[in-house]
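To start, the structure itself, in structure tokens.
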Amino acid sequence: MYGTTMEGHSVTCHVHGFLPYFYVPAPMNYRPENKNDLLLAINNYVRPAKSSSGGPVVDIDMVMKSSIYGYHGPKKALFLRIIVRLASYLPAAKRIFRDGFDVHGLGRVVCDPTYESNIPYPLRFMIDTKIQGASWVELSPKTYRIRTANNRTSTSQLEVDVYTDDIVAHQPEGDWQKIAPLRILSFDIECAGRKGVFPDANVDPVIQIANMVTLQGETRPFIRNVLTLKKCANIVGTHTMSFEREEELLKTWSEFVVTMDPDIIIGYNINGFDFPYLLDRAKALNVKDFPFLGRIIGSQTCAKDSRFSSKGLGTRDTKSINLEGRLQMDLLQVMQRDYKLRSYTLNSVCAHFLGEQKEDVHHSIITDLQNGNDETRRRLAIYCLKDAYLPQRLLDKLMCVINYMEMARVTGVPFNYLLTRGQQIKVVSQLYRKAKTEDLLIPALEVEGSEDVQYEGATVIEPEKGFYELPIATLDFTSLYPSIMMAHNLCYSTWLRDVRTAEQHGLVRDKDYKVTPDNALFVNPSVRKGILPTILEDLIAARKRAKGDLKKETDPFKRAVLDGRQLALKISANSVYGFTGATIGKLPLLAISSSVTAYGRVMIEETKMRVEEKFTIANGFEHDAQVIYGDTDSVMVKFGVKTVAEAMKLGREAADYVTSHFQKPINLDFEKVYFPYLLINKKRYAGLYWTNPTKHDKMDTKGIETVRRDSCRLVSSVIETCLKKILIDRDVKAAEEYTKGVIADLLQNKVDLSQLVISKALGKAEYAAKQAHNELAARMRKRDAGSAPALGDRVAYVIIKGTKDAAAYEKAEDPIYVLENNIPIDTKYYLENQLSKPLMRIFEPILGSKAQTLLSGDHTRVISVAAPTIGGLMKFAVKTATCLGCKTPLKKNESAVCHHCKPRVGELYQRQLDSVSDLEVKFARLWTQCQRCQGSLHQDVICTAQDCPIFYMRKKVQKDMKDSSMVLDRFNYAW
DNA sequence: AAGCCCAGACGT
DNA sequence: TAATACGTCTGGGCTT
């Protein structure tokens, strides 16, 4: 075990006396005296490489347990606990039982499945010792021995030996909620790449490493340093260390890490880039002492390729880096797991969460700065330091450490599982812990290859589409699926395979067991209380407690912990259902998951029916209520009343009324009123959200382009603005006018490029059909393999003008490339394929067929358009200059105006001059803004941040300015 | 041109 | 080795 004391001293603790094991059902006729023969037989079959210390299986216990999978009556059965010497022997021993083998005195022994044989050994240890993840473990005086210099194996401040039985585990309650002052190292490296090629560790040197060290809970780093190759001018408040040789730089950094001994190492994409690069580079330069960054002496740090794929997170190539005793939190991974964003560059993530941009220096410019002088290297160092600081800021702002620790504490898994493993292991941990208390064993089911059986999910009520200018009340079941599992005692341990099984146990329908709407059978709590319902009850009770404590708590730190906890508890409760339905999972039981959804379907139908049946004119209400929409666990009700207050009153009444017809703890809650409400389709709607009758809380949009990451900013912002004008200002006319204006701007090329960027995730390497983002990624790989998007990345593109019948995937292009090469945008595509349908969808319910006029009419007449520079005839067309006054083609001896316009030349010149100076002012303003962002008003702007709107504007204005002054130059000849 | 189907992203 | 679930809309390529 690795840990930290409350004083902040790192500890490596060698725990002795805990061996891996698994269970098998005892063979028939098994008696204690068979043990030696069985032991011999297994060891005979397993035959490990090193058998000097005896066979792989060291002991066999007899225990009374029962399988959790299905109800087996109240009696327990005899199981054998097979104890092995090393975790690595376990799979072999397990295979022998599964395949079968002969034992003297017992005959042929076959056990399939085996039990609890597929749980990670560290987790097994934690479960048995009742240690939760990221929690306190106490070693009492005299129970442990401290190692001295001559037998140390780690670089921790303290190193001790202890026996498993002497460990005292503390549950994270009361005083044990505290968090040790962990040392957090945030770092970033820069390397000098070559033009047009992504840095290659075999060739390109590491030139700088910036480090910040902060104590958990504090806001300011107590160490700030930067290691540079070649001299670097002084930076206030930062320790700069310069090296002439790169080997020295690397060696010093490695020593720094070991000496400073961080508990957590963070950074941005350190897992995918910085760590592997440093390791590869050290190998290329033959820096032998470098790759020992963990706490175990002599354990070499290396990067291993692995691929992680899940339905939720998609497929992603990752690297795993072994740093014994130190946690790694790559903030890029954290962001990708926990937040849905348009882009995951450090720049855009910081803009989103910290409200500030950072300059983004393209890797090809870095070399120029390195090859400059002390000052340019200082410039680079400041940039590098900022990149080391920002991950720390994100970590603090989002309270990642606290939230992750709470998740580890609630689910019981080690901290590092949260970033390296998926969702299932968290449920497994809880299931094992709870099952152990009831002597239930969990079978190690073999994952059946391609068995991806689907079962029916939830009901989505057919929406009564339209624009409602009446308040619509929303009723929601609170934690629907968990409460169904609790109300009906759905669990592995309560499941009856069929009616015959029920009869065998003498169980009577309804009295002892129930049949679900999916025709599955589960025993009632009076026969056996399920494990899953118990886990859920505990989670929900704990959440209630955490929320209650949160209300009372005033200390901001403790509040953060409690808030993190209640969130972790909520997520955990919700993932139990998914776990039971994960067919390619550890322990799927579709009887549970399909019964849960079946109950849900029945309940939403019943809710709709009861509301519409009770709230009628016949029953003395003013109007007949109507359920206009509902999804899974919610119904939207039109009571027909005019005011929000009345809708709220009826909503509450209806919720209570319906709840009274369901079994505890199922609860239908009145949540909010939408007024007005625009219902476009299933899973697509918008409305003003009211929780109190005096004023609305916010505008809420679901599934519409405003919340989707795969439409460009232009579409989201137009739709968002229109909805605001329609719903908040209640001014449809204004929305129409606004839309027309935007369309006109778009067609006249006045819309900024950053507004037109579309992004999509690169899900897989091979696609069945050609797709824009995938084709572009392939093209970009050809241009520069290193900087092109990788699997799992989001690919940004714009649609450019092409030949008439070109497919969209041929017209997708990298926005930066478009900007740099001045390629015209396909504005018509943006109008017809991006804007038109979403606009029609929101305007049609309000304007009816009149909505069509938005897309045709005066504003769609193009006034000026940039000439396409590629394709067909344009190549052969000779560009003739036209008069700046009347656009007629000019004669040879005329350069600015024709002879008719000659008298106006002064006025026209002035106009052009104004335009140039106008653009100059605009450009200067954007330039200063970029300088301010990079933190210096005296230096050149080198930022090329692809997510930054300012960057696009600056580039565009720069280009316009150049064009405009070229036109101005034509007057020189005119005089 | 119509319709199928994949892929992406979202809702719950 | 590891990977919560299903329902729905939408855009766009591909086939008929």
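First the proteins, then the strands, lettered A, B, ... as listed; each starts at 1. As the structure is a prediction and not an experimental result, all values here were calculated from the model.
Among residue pairs with one or both ends in residues 699-718 of chain A, none qualify as ring pair (Phe, Tyr, Trp, His ring centres under 6.0 Å); sequence neighbours excluded. Residue pairs meeting the salt bridge (Lys or Arg N to Asp or Glu O under 4.0 Å) criterion with at least one partner in residues 568-578 of chain A, sequence neighbours excluded, do not occur; the list is empty.
Checking B:dC10, C:dA5, C:dC9 against the side-chain heavy atoms of A:K682 singles out C:dC9 as nearest. Listed nucleotides: B:dC10, B:dT12, C:dT10. Nearest to the side chain of A:D631: B:dT12. Relative to the side chain of A:Y455, the nucleotides B:dT12, C:dA5, C:dT4 differ in distance, and C:dA5 lies closest. The side chain of A:V460 approaches C:dG7 more closely than any other nucleotide in the set C:dC9, C:dG7, C:dG13. Here the nucleotide nearest the side chain of A:Y809, chosen from C:dC9, C:dG13, C:dT4, is C:dG13. You'll find that the side chain of A:K586 is closest to C:dA2, out of C:dC9, C:dC14, C:dA2. Residue A:V707 has its side chain nearest to B:dC10 when only B:dC10, C:dC9, B:dT12 are considered.
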**Message:** Is there a salt bridge (Lys or Arg N to Asp or Glu O under 4.0 Å) between A:R610 and A:E606? Walk through the geometry before answering.
**Reply:** CA-CA 6 Å; A:R610 288 200 186 277; A:E606 185 179 336; 2.9 Å; yes
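Between A:Y685 and A:Y677, the two ring planes are tilted [angle within 30° to 60°]. Aromatic ring orientation, A:F675 versus A:W690: tilted (interplanar angle from 30° to 60°).
Between C:dG12 and A:Y829, a contact under 4.0 Å exists linking OP1 or OP2 to a side-chain N or O. Residue A:H773 has a polar side-chain atom (N or O) positioned under 4.0 Å from OP1 or OP2 of B:dG8. One finds a side-chain N or O of A:R421 lying less than 4.0 angstrom from the OP1 or OP2 phosphate oxygen of C:dA2.
When rounded to the nearest whole Å, the span between NZ of A:K811 and C1' of C:dG12 equals 12 Å. In this structure, A:K570 atom NZ and B:dT12 atom C1' are separated by 11 Å, rounded to whole Å. The distance from atom CD1 of A:I461 to atom C1' of C:dC9 is 18 Å, rounded to the nearest whole Å. Look at CG on A:L587: it is 14 Å from P on C:dT4, rounded to the nearest Å. Between the P atom of C:dA3 and the CZ atom of A:F579 lies a distance of 10 Å, rounded to the nearest Å. Whole-Å rounding puts the A:E456 CD to B:dT12 P distance at 19 Å. One interatomic measurement links the two molecules: OH of A:Y830 to P of C:dG11, which rounds to 15 Å at whole-angstrom precision.
Residue-level contact check: A:R841 touches the backbone only, with heavy atoms under 4.0 Å from sugar-phosphate atoms and none from bases. Residue A:K702 is in sugar-phosphate contact alone, with no base atom involved, counting any heavy-atom pair closer than 4.0 Å across all strands shown. Note on A:G457: only backbone sugar-phosphate atoms sit closer than 4.0 angstrom, heavy atoms only; bases stay farther off. A:Y685 comes within 4.0 angstrom of the backbone, heavy atoms only, and of no base. Counting any heavy atom pair closer than 4.0 Å across all strands shown, A:V596 reaches no nucleic acid atom.
For A:T474, the side-chain contact (heavy atoms from CB on, under 4.5 Å) partners at least two apart in sequence or on another chain are A:D476, A:M636, A:K672, A:Y674. Remark: A:R779 engages A:E813 in a salt bridge (Lys or Arg N to Asp or Glu O under 4.0 Å) (not counting sequence neighbours). For the side chain to side chain donor-acceptor pair (under 3.5 Å) test, no residue two or more places apart in sequence or in another chain qualifies with A:E832. Partners of A:D697 under the side chain to side chain donor-acceptor pair (under 3.5 Å) rule, at least two apart in sequence or in another chain, are A:T691. Residues passing the side-chain contact (heavy atoms from CB on, under 4.5 Å) test with A:P91, sequence neighbours excluded: A:R95.
Nearest heavy-atom pair across A:Q424 and A:G585 is NE2-CA, 3.4 Å.
If you find the closest nucleotide of DNA chain B to A:S759 and to A:M636, the one lying nearer the 5' end belongs to A:S759.
Interface residues of residues 831-839 of chain A facing DNA chain C, ordered by number: A:N833, A:K837; criterion, heavy-atom separation under 4.0 Å. Of the residues in residues 478-492 of chain A, none lies under 4.0 Å from DNA chain C by heavy-atom distance.
Atom P of C:dT4 sits at a distance of 22 Å from the matching atom of B:dT12, rounded to the whole Å.
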